[in-house]
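I have placed the structure first, in the form of structure tokens, so that the comments after it can refer back to it.
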Amino acid sequence: AAPALAGLRSKLGDLERRAKTKLDEVEDDTPDEDVRRIEAEHQDLLDEVEEVRGQIADLERQENRSDGTETADEIRAAVG
């Protein structure tokens with residue numbers, strides 16, 4: 001799972017960088033249609049960021065279960 005986690009973390013970093021810079025493409029003279037397209041692409045990137053974060057969390061939970069530890073989220077959920 002470690003190589004998979006490393007790959008997902010790398011992908012997450014790339015997606016976060018792309019999402020951060022995507023809105024910089026909008027300038028004062030950008031046509032409205034292009035602004036909407038750029039904003040939609042930005043949202044798609046944010047959605048993918050959340051998906052990859054979920055995949056990372058799932059893999060981390062699987063790893064922690066295999067070594068008998070719990071994630072901070074699992075501990076918070078158990079404590080309530």
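- Nearest heavy-atom pair across T30 and E25 is OG1-O, 3.9 Å.
- Taking the side-chain contact (heavy atoms from CB on, under 4.5 Å) definition, one finds that E33 meets it with R36, sequence neighbours left out.
- Between the CZ atom in R18 and the CG atom in L46 there is a gap of 11.5 Å [rounded to 0.5 Å].
- Nearest heavy-atom pair, D24 versus K20, reported as atom, atom and distance to 0.1 Å: OD2-O, 4.1 Å.
- With sequence neighbours excluded, no residue forms a salt bridge (Lys or Arg N to Asp or Glu O under 4.0 Å) with E39.
- Remark: side-chain polar atoms of H42 are not paired, donor with acceptor, to backbone N or O of K22 under 3.5 angstrom.
- A donor-acceptor pair is defined here as one N or O able to donate and one able to accept, closer than 3.5 Å; such a pair exists between the side chain of T21 and the backbone of R17.
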Residues 51-59, side-chain donor-acceptor partners within the protein, below 3.5 Å, at least two apart:
from: R53; atom 1: NH1; to: E50; atom 2: OE2; distance (Å): 2.9
from: R53; atom 1: NH2; to: E16; atom 2: OE2; distance (Å): 2.7
from: D58; atom 1: OD1; to: R61; atom 2: NH2; distance (Å): 2.4

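- Heavy-atom contacts from other residues, nucleotides or ligands closer than 6.0 Å to CG of D28 number 12 or fewer.
- Atom CZ in R9 sits 9.5 Å away from atom CG in L12 (nearest 0.5 Å).
- Residue L15 is grouped with residue L5 when hydrophobic side chains (ILVMFWY) are merged at heavy-atom distances under 4.5 angstrom, including chains of intermediate members.
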